[in-house]
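Heads up: the structure comes next, in C-alpha cells.
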Amino acid sequence: MTGHVQAVKSWLGQVLDGGASASGSLAYRNNRKAIWRGDIPEKYARLVDLVPGQRVMELGAAEGVLSLLLAQKKEKVFALELKGERHEEAQRLKASWQDRGLDVGRCEMVLGNIKQQLHLLRAVDTLLAVRSIYYLRTDLAGVFDAVSRHVPNVVLCGNRNRARKYVESHGNPDDPLGKNNYFATLEGMTSLLEGCGYAIVNSIAEGDPIVIGAKRISPAN
Ligand SMILES: C[S@@+](CC[C@H](N)C(=O)[O-])C[C@H]1O[C@@H](n2cnc3c(N)ncnc32)[C@H](O)[C@@H]1O
C-alpha cells in the first residue's frame with residue numbers, strides 16, 4: 001500500500017471513530033476540562049453500571065476515563081492502551097483525580113499491545129472493549145480465543161458510524177473491506193461472542209451498540 005493510501009485510510013478511520021487522533025479522541029479532547037473536573041460525558045457514563053465483575057481489563061483504554069470511573073467501584077482495573085501519548089495522558093488524569101481525592105488507586109494504566117498482554121486475561125473476570133476490537137484485524141480471532149479460555153464476562157461497545165458504513169457499503173462479513181467494520185455492529189459483536197461460547201446476557205442497539213456476553217470458565221483453564 002502506498003503512503004498516500006495508508007494516510008487516507010488512517011484519516012477515514014479517525015473520522016469514523018469520532019476524530020480519534022494521536023492527541024486523543026475527539027470526545028476526550030472536546031471534554032477534557034470537564035473530565036479533569038470529574039464531569040463525565042454520557043459516552044463513558046452510560047457504560048459504568050453495565051460492566052459486571054470485580055476485576056476488569058479495558059482493551060484500548062485510551063486516556064483511561066472509563067477505567068478510572070470503574071476503578072472507583074471495582075477491586076482492580078487494568079487500562080491497557082497501545083499508544084504511548086494516550087497512556088501518558090491517562091496517567092496524568094489518574095494523578096489529577098487522585099489529587100481531587102477520588103478513589104482511583106486500583107486502576108493500573110498498562111502500556112502495550114493486547115497480543116503481548118494476554119497473561120493479564122488470567123487476572124480478570126471481565127474484558128471491556130469500547131470502539132477498539134475492530135483494530136485487531138487479523139489478530140481478532142487469536143485474541144478472542146484467549147479471552148474465551150480465561151474470562152467469564154465480556155462487554156463490547158461498537159461504533160454507530162462504522163456500523164452505518166458497514167451496512168451502506170458492503171453488509172458482508174466475508175468482504176475484506178467490510179470485515180473490520182462488521183465488528184463495530186451489534187450483529188458482528190454478537191456473532192463474535194457466540195462463536196466463542198458466550199451467551200448474550202444484554203444487548204443495546206441505541207447509540208454505539210453494546211453487547212454483553214457471559215460464560216462459565218473451567219478452573220482448569
Ligand atoms: C478508537 S480508540 C477508542 C478509545 C476509547 N476506548 C474510547 O472509546 O474513547 C481505540 C483505542 O484502542 C487502542 N488499541 C488499538 N489496538 C490495540 C491493541 N492491539 N492493544 C491495545 N490497545 C489498542 C488504540 O490505540 C486506541 O486508543
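When a ligand or atom number is given, it counts from 1 through the structure's own listing order.
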Got an N/O contact under 3.5 Å between Glu81 and ligand 1?
yes

Does ligand 1 have an atom under 4.0 Å from some heavy atom of Lys43?
yes

With Arg162 as the cation and Tyr135 as the aromatic partner, state whether NZ or CZ is under 6.0 Å from the six-membered ring centre and within 45° of the axis.
yes

CZ of Arg92: more than 12 outside heavy atoms within 6.0 angstrom?
yes

Heavy-atom closest pair, residues Ile210 and Cys157
CG1-SG, 4.0 Å

Geometry only, no angles: is Ile114 polar-contacting ligand 1 at N/O separations under 3.5 Å?
yes

Identify which of Glu85, Arg86, Lys83, Glu58 has a heavy atom lying nearest to atom 26 (C) of ligand 1.
Arg86

Within 45° of the axis and under 6.0 Å from the centre of the six-membered ring of Phe183, does NZ or CZ of Lys179 qualify?
no

Do Arg46 and Asp208 sit within salt-bridge range, that is, some charged N less than 4.0 Å from a carboxylate O?
no

The atoms of ligand 1 lying under 4.0 Å from a heavy atom of Leu59, numbered in the order shown, are 20 (N), 21 (C)

Any salt bridge between Arg32 and Glu89, counting N to O under 4.0 Å?
yes

For ligand 1, which atoms, with element, lie under 4.0 Å from some heavy atom of Gly112?
20 (N), 21 (C)

Candidates Ala79, Gly60, Ala61; heavy atom nearest atom 4 (C) of ligand 1 found on Gly60

Strictly under 4.0 Å, does any heavy atom of Ala129 approach an atom of ligand 1?
no

Could you pull out, from Val143, Leu26, Asn113, the option with a heavy atom nearest to atom 18 (C) of ligand 1?
Asn113

Is it the side chain, the backbone, both or neither of Val65 that has a heavy atom closer than 4.0 Å to ligand 1?
neither

Counting distance only, does the side-chain N/O of Asp125 pair as donor-acceptor with the main-chain N or O of Gln54 below 3.5 Å?
yes

Side-chain H-bond candidate by donor/acceptor type, Tyr182 with Asn172, under 3.5 Å
no

Using a 4.0 Å cutoff against the non-hydrogen atoms of Leu136, which atoms of ligand 1 qualify?
19 (N)

Using a strict 4.0 Å cut-off to heavy atoms of Ser132, name the atoms of ligand 1 that fall inside it.
12 (O)

